[in-house]
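Contents: one structure, followed by commentary.
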Protein chains: 2
Amino acid sequence: MADKLKLTLDQLLCFSVYSTGHAFNRIYKPLLDKVGLTYPQYLVMVVLWQEDRQTVRGIGSKLFLESNTLTPLIKRLETAGLVTRERDRDDERQVRVALTNQGRSLQDQAADVPGCVVEACGMNLDDLVDLNRKLARLRNALEQSAP
Amino acid sequence: MADKLKLTLDQLLCFSVYSTGHAFNRIYKPLLDKVGLTYPQYLVMVVLWQEDRQTVRGIGSKLFLESNTLTPLIKRLETAGLVTRERDRDDERQVRVALTNQGRSLQDQAADVPGCVVEACGMNLDDLVDLNRKLARLRNALEQSAP
DNA sequence: ATAATTTATATCGCGCACGATTTAATCGCG
DNA sequence: CGCGATTAAATCGTGCGCGATATAAATTAT
């Protein structure tokens with residue numbers, strides 16, 4: 001009977017995750033504005049900097065996103081001259097995304113971004129790494145649980 | 001020189017937060033579909049269940065959102081018959097959002113949602129509470145850091 | 001009291017997320 | 001080999017987030 005009265009925002013882990021995500025976005029915004037990227041676009045670039053010439057599906061599997069989100073986003077990166085998109089010769093269903101020279105050189109221009117963000121977190125590195133690992137575990141459990 | 005090679009997605013705390021947020025959304029979706037709410041709409045309802053007749057600004061300060069996001073969202077809740085919106089008599093700038101009977105009764109229909117989500121997390125309650133507290137602290141630090 | 005400033009909401013445009021559907025290429029099975 | 005099933009992208013519609021701007025009410029300063 002008193003159960004329903006106990007539901008507050010602060011108790012919801014999902015809300016902490018949700019609101020922290022927005023807070024990160026607000027930190028990233030001015031940093032990424034300088035290189036002309038949105039946060040999701042930055043993530044795609046990070047994935048490509050890590051390994052060039054990936055398929056849309058491959059990029060999506062790392063970001064937990066699908067082509068309905070990625071196709072328009074990557075087209076914007078293409079328009080910005082950061083990547084190229086071309087059908088895979090061996091499997092014409094797939095589109096391979098490759099960095100341009102401009103896309104590669106952007107990595108240097110954005111090199112200080114992660115450090116700025118870490119600083120804004122105001123935590124020591126060990127706690128940060130620990131939190132990161134716990135969240136990744138939680139995400140995997142939730143993805144597992146979703147059908 | 002080897003620094004740039006070390007930037008991987010897994011190391012980015014922001015990405016763990018970002019992807020965990022999406023994962024939560026995927027868990028919530030089928031649960032909230034049953035009561036006809038989106039996740040942000042659910043959060044507004046939680047805030048109103050906690051305290052009825054709040055202003056848009058008041059709701060926003062709890063959710064870290066502003067009127068540009070909330071006004072259309074709350075209008076949808078109004079269209080759904082869950083809340084009413086009316087100008088405050090004492091300060092006509094403010095809009096006060098109040099639950100309808102239908103909006104109040106929705107709390108019972110959604111009463112099992114938090115429990116289902118906690119279960120999907122696959123963590124014991126202590127760890128969950130601890131993670132929640134750490135994230136809230138991080139969010140507050142980030143909000144502090146953003147000008 | 002009137003003007004300048006601040007505050008609360010609303011509006012608009014853009015870029016995600018994502019469910020649903022479409023199209024085209026590949027695979028698998030008889 | 002051929003044909004149904006699967007797979008990869010793309011497209012479309014809806015609802016956030018949010019920067020920028022607008023409008024109107026209240027507050028402050030002069």
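In what follows, every chain begins at residue 1, and chains take the letters A, B, ... in the order their sequences are listed.
The pair B:Glu66-B:Arg57 does not meet the salt-bridge criterion, since no charged nitrogen lies less than 4.0 angstrom from a carboxylate oxygen.
Regarding A:Leu32, its CG atom lies at a distance of 16 Å from the C1' atom of D:dG17, rounded to whole Å. Taking atom CG of A:Leu70 as the reference point, atom C1' of D:dT11 lies 14 Å away to the nearest angstrom. Put simply, CD on A:Glu66 is 13 Å from P on D:dT7, counting in whole angstrom units. Rounding to whole angstrom units, CZ of residue B:Arg57 and C1' of D:dA25 are separated by 16 Å. Atom CG of A:Leu65 is separated from atom P of D:dA9 by 14 Å (rounded to the nearest Å). Remark: P of D:dC16 and NZ of B:Lys75 are 14 Å apart, rounded to the nearest angstrom.
Considering only heavy atoms from C-beta on, B:His22 stays 4.5 Å or farther from A:Phe64 through its side chain.
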Review item, side-chain donor-acceptor pairs of residues 122-132 of chain B, under 3.5 Å, at least two apart:
{"unit_1": "B:Asn124", "atom_1": "OD1", "unit_2": "B:Asp126", "atom_2": "N", "d": "3.0"}
{"unit_1": "B:Asn124", "atom_1": "OD1", "unit_2": "B:Asp127", "atom_2": "N", "d": "2.9"}
{"unit_1": "B:Asn124", "atom_1": "ND2", "unit_2": "B:Asp127", "atom_2": "OD2", "d": "3.2"}
{"unit_1": "B:Asp130", "atom_1": "OD1", "unit_2": "B:Arg133", "atom_2": "NH2", "d": "2.9"}
{"unit_1": "B:Asp130", "atom_1": "OD1", "unit_2": "B:Lys134", "atom_2": "NZ", "d": "3.3"}
{"unit_1": "B:Asp130", "atom_1": "OD2", "unit_2": "B:Lys134", "atom_2": "NZ", "d": "2.6"}
{"unit_1": "B:Asn132", "atom_1": "OD1", "unit_2": "A:Ser16", "atom_2": "OG", "d": "2.4"}
{"unit_1": "B:Asn132", "atom_1": "ND2", "unit_2": "A:Asp10", "atom_2": "O", "d": "2.7"}

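Listed by first and then second residue, the salt bridge (charged side-chain N to carboxylate O under 4.0 Å, His left out) pairs that reach into residues 40-53 of chain B are B:Glu51-B:Lys62, B:Asp52-B:Arg104, sequence neighbours excluded.
The number of heavy-atom neighbours closer than 6.0 Å to CD of A:Gln11, taken from other residues, nucleotides and ligands shown, is above 12. Heavy-atom contacts from other residues, nucleotides or ligands closer than 6.0 Å to CD of A:Glu119 number 12 or fewer. Counting non-hydrogen atoms of neighbouring residues, nucleotides and ligands closer than 6.0 angstrom, the CZ atom of B:Arg96 exceeds 12 such neighbours.
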| query | Could you walk me through whether B:Phe24 and B:Tyr39 pass the ring pair (Phe, Tyr, Trp, His ring centres under 6.0 Å) check? | reply | CA-CA 9 Å; B:Phe24 265 122; B:Tyr39 177 66; 7.9 Å; no

| request: Go through the steps to decide whether A:Arg139 and B:Ser19 satisfy the test side-chain hydrogen bond (donor to acceptor under 3.5 Å, both in side chains), and finish with yes or no. | output: CA-CA 7 Å; A:Arg139 178 199 58 212; B:Ser19 53; 2.9 Å; yes

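Although no hydrogens or angles enter the test, the distance criterion places no donor-acceptor pair under 3.5 Å between the side chain of B:Gln107 and the main chain of B:Trp49. At least one donor-acceptor pair under 3.5 Å links the side chain of A:Gln41 to the backbone N or O of A:Thr38. Under a 3.5 Å cut-off, the side chain of A:Thr100 and the backbone N or O of A:Leu82 do form a donor-acceptor pair. With hydrogens and angles ignored, the 3.5 Å screen pairs a side-chain donor or acceptor of B:Arg87 with a backbone N or O of B:Arg93.
Mapping A:Val56 and A:His22 onto DNA chain D via the closest heavy atom, the residue that lands nearer the 5' end is A:Val56.
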All N/O contacts under 3.5 Å from nucleotides 13-15 of chain D to the protein, with atom names and distances to one decimal?
none

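Put simply, A:Arg26 has a side-chain N or O that comes within less than 4.0 Å of OP1 or OP2 on D:dC18.
Classification of the B:Tyr28-B:Tyr42 ring pair by plane angle, with boundaries at 30° and 60°, yields tilted.
Residues of residues 12-21 of chain B having a heavy atom closer than 4.0 Å to DNA chain D: none are found. Of the residues in residues 85-100 of chain A, those placing a heavy atom less than 4.0 Å from an atom of DNA chain D are A:Arg85, A:Arg87, A:Arg93, A:Gln94, A:Val95, in numerical order.
Taking every nucleotide of DNA chain C with any atom under 4.0 Å from a non-hydrogen atom of chain A, the first and last of them, 5' to 3', are C:dG15 to C:dT26.
Side-chain to base pairing of A:Thr71 with D:dA9: no donor and acceptor N or O lie closer than 3.5 Å to each other.
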